[in-house]
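Let me begin by presenting the structure, written as structure tokens, before commenting on it.
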Amino acid sequence: MAAQRCHVWVGAETGILKGVNLRRKQATNFSEFNRGQEISEMCWRQNQVLLGCVDGTVKVFSTERGEFTEFHDCSGGEGPFRGLAAYNSSLITCTESGLLKVWKEDSTDQVQVGRGVCRMRQDPGRPERVATGGKENDLKVWDLQRLQEPVFKARNVRNDWLDLRVPIWVRDIQFIPASDTIITCTGHSQVRIYDPSCPQRRPVLEMTYDEYPLTAMSLTSDANSVVVGNTHGQMAVLDIRKGRLLKCLKGQAGSIRSIQCHCSLPLVASCGLDRFLRVHDTGSKELLHKVYMKSRLNCVLLTSRESWEEDEECSTAEEVKEQGEEDEIWASMATVTDRAESKRTADLQVTPKRRKRRKQMSKDA
Amino acid sequence: MEATSILVHLFLSVIHLSSSMADISCMDEAGHPVDWFVIYKLPKYIINQSAGLGLNYMYLDPSNSGWKQSQYLINMTESATGRTLQQLYSTYHSKEQLAAKKKRQKEREALGDKAPPKSVPKTIENQRVYDETTVDPNDEEVAFDEATDEFSSYFNRKTSPKILITTSDRPRGRTVRLCEQLAKVVPNSHVYYRRGLALKKIIPQCVAREFTDLLVINEDRKVPNGLIVSHLPDGPTAHFKMSNMRLAKELKRRGKDPTKHSPEVILNNFSTRLGHSIGRMFASLFPYSPQFVGRQVATFHNQRDYIFFRFHRYIFKNEKKVGLQELGPRFTLKLRSLQKGTFDSKYGEYEWVHKRHEMDTSRRKFHL
């Protein structure tokens, strides 16, 4: 039950999976401390959370039952997992040494993507496509059915004004829905958009944000802007269409390890090395929730809209039930006037909303 | 003229009757007590297009032979009237205040044992905003985190510290002497000249030679102003601002030179999670030996996010009294950033960065 009420799932460096209920600002641990099983990647698979740990195991956690259901040993390459995805009942993992493996029931397919991989992501619109990128390892898009050659291989930008080669360090990749384009953020603080359908293999749009390496990125619910975070704890919302800075989100004090935007509400959850989970509103730049988790955090996942609404309905249903009992007591007593009764029922309808508003107002900055 | 002097005499006699405070007397222009003085305030004059203020005065006291125009104005605190009246202002309690104080004292005596405890005066440390990252000693998760972090090999006695002390390039006299004195404070430390080498190249060589910590003292305009502590195999790097540095010879009532005994380490008031990390970093500079030999102690005292470093020799005269001699250098540190991993200011990931406009908005919120 507690697992169903959690809005945000966070993976920590100490190997703990934490579920956070933002209405009550409570975090519950769903696994034991184990530094050898530091969680490096997390992703969704319907209602289950897939966790990739540093020692090569992939655990499946069911949010409905609140416990771990499967354990897979997906060891292969060296280094922690840099990408985790699920496709047609098979698992896709990519380690830092560049070994991209598709784990089916009985067989595995693999391909060497290049060393120094920093991120592997799956296209949510077309789950058979994945993109990889890393340090001195430019963006490559792979089709899982034909793993011999990448579908799209990006080309480095032209030499800069001193005629020096621009170094490559892809830190995070996102697919823009409803189009073919891919957006990447680099460790040299650049954000680039690539279009594989164009004959041009160089980036279509490039912009820079500040001077520190960008570590995490997430697309907002309207796919016109992207939220990026860097190693200094600065988060910014950038406009993709024009390539300019829209807003900065303040508050984070440490390097941001993971950012996740909600798929429909204007919310952004971010976690980082300063051991706090923060939820901002992308419209008003306001910090909505800030929860202290006692370990450094690596990854964050948000639950989708349906479970937010259900939680609210649950609590209002409970409140209405309590007031239903009170109603019976009042009804059994002699009524004085009709006007008083109608006033009371009107009050009962208003209180749930008032309670909600009171709860929202009592949050810390 | 006589009226003013009579008035002043009257004032003094009144005060004598009502309070038994320290001697109050007339003060002259220089602040020395005199028996009497006479003041004649000049009117606002206009002579040949120059105007007077109306506040100048002529002054006469027993030591002068005649009238003298004062250099001050009559409404200034430095004038003779100002100085005299200032004594009254500072010692005079209004009637209401005195009455209220007497009433409170009577109530307290009347209640006797049942009197409410005296209210504690508010200080900034009392009013500190509660930090949610304050470490609870019973917390298992934090205990596990600390037991498996980068300093765990020191606290499990697997490694003993070996420190490399260096400076920024081309250090001047004070910084060089600070390094030498720090080398006497911290056991098993070596001072090396920087030679313009990049820290990122020094660090792999230190790791190869089994150094556990690197201390870099940054200097600006002949004065040390920064300190970088980098724990070596892959540990965190803390960057501090250093201020108020005093070398050993500049201290008053200093003891003899420090001996080669390992000092005790005192870490005061590191209460939050970030404070714990910094405290552990300082502790790991000194050898881990709970059996104290030699009576030297190095103190890192955190107050309001400033860390005060002192080095003393102590001696217990009896069970309750202890004598202290300050030995070594003293300085004040303020944390600017804590970076995960060894020194890499450009591409490293920061665990905590001090952002003045976001973090220093409240005078009662501290982070260490």
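Per chain, numbering begins at 1; letters A, B, ... match sequence-line order.
Residue-environment remark: CD (Gln303(B)) exceeds the threshold of 12 foreign heavy atoms within 6.0 Å. By the neighbour-count criterion of 12 heavy atoms within 6.0 Å, atom CD of Glu78(A) is sparsely surrounded, having that number or fewer from other residues, nucleotides or ligands. The environment of NZ in Lys346(B) is sparse: at most 12 heavy-atom neighbours from other residues, nucleotides or ligands sit within 6.0 Å. Within 6.0 Å of the NZ atom in Lys250(A), the count of heavy atoms belonging to other residues, nucleotides or ligands does not exceed 12. Counted within 6.0 Å of CD on Glu206(A), heavy atoms from surrounding residues, nucleotides or ligands total more than 12; the atom is thus considered enclosed. Atom CZ of Arg209(B) has 12 or fewer heavy atoms from other residues, nucleotides or ligands within 6.0 Å. Within 6.0 Å of CZ on Arg165(A) lie more than 12 heavy atoms contributed by other residues, nucleotides or ligands. Around the CD atom of Glu125(B), the shell of radius 6.0 Å holds more than 12 heavy atoms that belong to other residues, nucleotides or ligands.
The side-chain heavy atoms of Glu349(B) and Leu273(A), taken from C-beta on, include a pair separated by under 4.5 Å. Residues Tyr347(B) and Trp169(A) form a side-chain contact, since some pair of their non-hydrogen atoms from C-beta on lies under 4.5 Å apart. Here the side chains of Arg275(A) and Asp145(B) are in contact, with some heavy-atom distance below 4.5 Å.
With chain A as the partner, the residue from Asp139(B), Val135(B), Leu338(B) showing the most heavy-atom pairs under 4.5 Å is Asp139(B). When the candidates Gly254(A), Gly272(A), Pro213(A), Ser255(A) are compared by the number of heavy-atom contacts under 4.5 Å with chain B, Ser255(A) comes out ahead. Comparing Thr231(A), Ile256(A), Thr215(A), Asn230(A) by how many heavy-atom pairs each has under 4.5 Å with chain B, the most go to Thr231(A).
The stretch residues 212-225 of chain B places none of its residues near chain A, where near means some heavy atom under 4.5 Å from a heavy atom of that chain.
A salt bridge links Lys340(B) with Glu13(A): at least one charged nitrogen is closer than 4.0 Å to a carboxylate oxygen. In summary, Lys18(A) and Glu141(B) engage in a salt bridge, as defined by a charged side-chain N under 4.0 Å from a carboxylate O. Taking 4.0 Å as the cut-off between side-chain N and carboxylate O, Arg296(A) and Glu150(B) count as a salt-bridged pair.
At a 4.5 Å heavy-atom cutoff, Gln339(B) makes no contact with chain A through either its backbone or its side chain. Proximity to chain B involves both the backbone and the side chain of Gln234(A), based on heavy atoms less than 4.5 angstrom apart. Within the 4.5 angstrom heavy-atom criterion, only backbone atoms of Gln252(A) (N, CA, C, O) approach chain B.
Taking the six-membered ring where tryptophan is involved, the planes of Phe144(B) and Phe33(A) are essentially parallel, since the angle between them stays under 30° and well short of 60°.
Between the side chain of Lys355(B) and the main chain of Gly233(A), a donor-acceptor pair closer than 3.5 Å is present. In this structure, the side chain of Glu351(B) does not engage the main chain of Asp274(A) through any donor-acceptor pair within 3.5 Å.
Scanning both residues, Glu132(B) and Phe276(A), for their nearest heavy atoms gives OE2-CE2, 3.3 Å.
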